[in-house]
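Here is the structure we will look at, set down as structure tokens.
Since this is a predicted model, take the numbers as computed values, not measurements. Reminder, nothing fancy here: chain letters follow the sequence lines and each chain counts from 1. Values below: all heavy atoms of this structure, side chains included; hydrogens, waters and symmetry mates excluded.
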2 protein chains.
Amino acid sequence: MDTSLKSTLHRRGLRMTPQRQLVLDAVRELGHATPEQICTQVQRAAPAVNITTVYRTLDLLEELRLVRHTHLGHGAPTYSERAHEHVHLVCHHCGAVSEAPTALMDELADRLREREDFELDVTHVALSGRCATCREADLKASQELGEKEARA
Amino acid sequence: MDTSLKSTLHRRGLRMTPQRQLVLDAVRELGHATPEQICTQVQRAAPAVNITTVYRTLDLLEELRLVRHTHLGHGAPTYSERAHEHVHLVCHHCGAVSEAPTALMDELADRLREREDFELDVTHVALSGRCATCREADLKASQELGEKEARA
DNA sequence: TTACATGCAAAGGGTTTGCATAACT
DNA sequence: AGTTATGCAAACCCTTTGCATGTAA
């Protein structure tokens, strides 16, 4: 079975277009990007492409399971290739997004299945917390505060 | 130390108002609710209250650590009492939201701290997946499909 | 009499929809 | 010809901001 985008579309009576290829390319190049970022990237090659088309194409590519979107918290979701599976870690202090292997979630997924009868989708929602850099900064700040109080 | 809302506000040079009490009451009554739902609830007691005030009050109550908000995926976040700590499980098929004990996440939190140097905030983001009801429906549907194919 | 709080209207980001046009098959 | 795809504008939801008015210390 031919699994190229073109034939996948054709099997559904849909057509391959330059726009669709460009959106898919942009998702692949950008890693995890918002619709707006994807649109900007696409427009570098084809300035006339409208953001509406980007939204429609992302929905389509998601249906075709070529991409997925993740909610990082506030604001627009980000889209990435389906093949690149990972957990997103978002620092809600500085906003930094990092990626971790999904294997980290295996045990949680098992427990949720057993105890809550819930089948976890590891990639759809990001985990929120405080990143290494901000934790270091916190530590330093509290040390300085300690010294200041010791002096006083 | 007096920890009532009124004195907490007073210590910051802020005032207690009927609106602020009503918003806090609504959050407590509704469990996890969007700003709009909270506004509707508040307006049952005081119809003139504006949604702007609800947003401002929710921000304030969050700063005071009396409430927290959680992103369930699409759409508006939901607010709940800070004291009610739990993990949110959202079914991305039917939209149902359930709650699970945060203890489920303890091991994941430990691993993230060790391996990724990331301090997880368990409550801020919901976990996404497929709930028990939808999983049963899936199972039933695939069984029926199997029977149909067997007949054909 | 000064600071804080509210309501209202308007603007802002992100997304969807309606519709006419254009491009395929 | 008939369907699918696009661009454009308008509408939509959710949230924030500016400003005038109101209210409490």
Side-chain angles (χ1 to χ4, degrees), chain A residues 5-24 26-27 30 32-43 45-64 67-79 92 95 126, chain B residues 5-24 26-27 32-43 45-64 67-79 92 95:
Chain A
L5 177 51
K6 183 171 178 181
S7 7
T8 309
L9 290 167
H10 193 239
R11 230 169 288 128
R12 297 197 173 206
L14 304 176
R15 293 173 199 149
M16 188 54 182
T17 67
Q19 287 90 335
R20 285 173 178 171
Q21 188 62 56
L22 287 166
V23 169
L24 182 55
V27 170
L30 295 175
H32 43 80
T34 64
E36 191 135 13
Q37 291 170 327
I38 292 164
C39 188
T40 303
Q41 172 75 4
V42 166
Q43 286 173 342
V49 173
N50 194 275
I51 195 161
T52 307
T53 301
V54 173
Y55 277 106
R56 287 192 281 230
T57 304
L58 289 171
D59 284 352
L60 176 63
L61 295 176
E62 192 152 36
E63 255 187 70
L64 300 179
V67 307
R68 64 155 50 89
H69 75 270
T70 306
H71 294 278
L72 298 184
H74 313 265
T78 63
Y79 286 77
H92 55 215
Chain B
L5 177 50
K6 184 171 177 183
S7 9
T8 310
L9 289 167
H10 193 240
R11 229 169 288 128
R12 298 196 172 207
L14 304 176
R15 293 171 200 153
M16 187 55 182
T17 66
Q19 288 91 336
R20 286 174 177 171
Q21 187 62 58
L22 286 166
V23 170
L24 182 55
V27 171
H32 42 80
T34 63
E36 191 136 13
Q37 293 169 327
I38 292 164
C39 189
T40 303
Q41 172 75 4
V42 167
Q43 287 174 342
V49 173
N50 195 275
I51 194 161
T52 305
T53 302
V54 173
Y55 278 106
R56 286 192 281 229
T57 304
L58 288 171
D59 284 353
L60 175 63
L61 294 176
E62 190 151 37
E63 254 188 70
L64 300 179
V67 308
R68 63 155 52 87
H69 76 270
T70 307
H71 294 278
L72 297 184
H74 313 267
T78 62
Y79 286 77
H92 53 214

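Summarising the geometry, the separation between CD1 on B:Ile38 and C1' on D:dT15 is reported as 14 Å, rounded to the nearest angstrom. Across the protein-nucleic acid pair, A:Gln19 atom CD and C:dA22 atom P stand 15 Å apart, rounded to whole Å. To the nearest angstrom, P of C:dT15 lies 14 Å from CG of A:Asn50. Rounded to whole Å, the distance from CG on A:Leu58 to P on C:dT16 is 10 Å. As rounded to whole Å, 14 Å separates atom C1' of C:dT6 from atom CG of B:Leu60. Here the C1' atom of nucleotide C:dG14 and the OH atom of A:Tyr79 are 11 Å apart, to the nearest Å. Spacing between atom CZ of A:Arg20 and atom P of D:dT4 amounts to 11 Å, rounded to whole angstrom units. Between B:Glu36 atom CD and D:dC14 atom P there is a gap of 6 Å when expressed in whole angstrom units.
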Could I get a table of every N or O pair under 3.5 Å where one atom is in the protein and the other is in nucleotides 16-25 of chain D?
none

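Remark: A:Glu62 CD to A:Leu60 CG distance equals 10.5 Å, nearest 0.5 Å. Here the straight-line distance linking atom OG1 of A:Thr53 with atom CG of A:Leu22 works out to 11.0 Å at 0.5 Å rounding. Here CD1 of A:Ile51 is found 11.5 Å from OG1 of A:Thr57. Values are rounded to the nearest 0.5 Å.
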Inset, instruction - List the steps, then state whether side-chain contact (heavy atoms from CB on, under 4.5 Å) holds for B:Gln19 with B:Arg56. - result: CA-CA 11 Å; B:Gln19 288 91 336; B:Arg56 286 192 281 229; over 6 Å; no
Inset, instruction - Start with the C-alpha distance between B:Leu61 and B:Leu5, add both sets of side-chain angles, then the distance that settles side-chain contact (heavy atoms from CB on, under 4.5 Å), and finish with yes or no. - result: CA-CA 9 Å; B:Leu61 294 176; B:Leu5 177 50; 4.2 Å; yes
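Between B:His74 and A:His71, the two ring planes are perpendicular [angle over 60°; tilted spans 30° to 60°].
Put simply, the side chain of A:Gln43 gets close to the backbone of A:Val49: a donor and an acceptor are under 3.5 Å apart. B:Arg20 places a side-chain N or O within donor-acceptor distance of the main-chain N or O of B:Arg15, the cut-off being under 3.5 Å.
Residue A:Thr53 places at least one side-chain N or O closer than 4.0 Å to OP1 or OP2 of D:dG7. Between B:Thr17 and C:dT6, a side-chain N or O to OP1/OP2 separation shorter than 4.0 Å is present.
DNA chain D is contacted by B:Ala76, B:Pro77 of residues 70-78 of chain B, taking any non-hydrogen atom closer than 4.0 Å.
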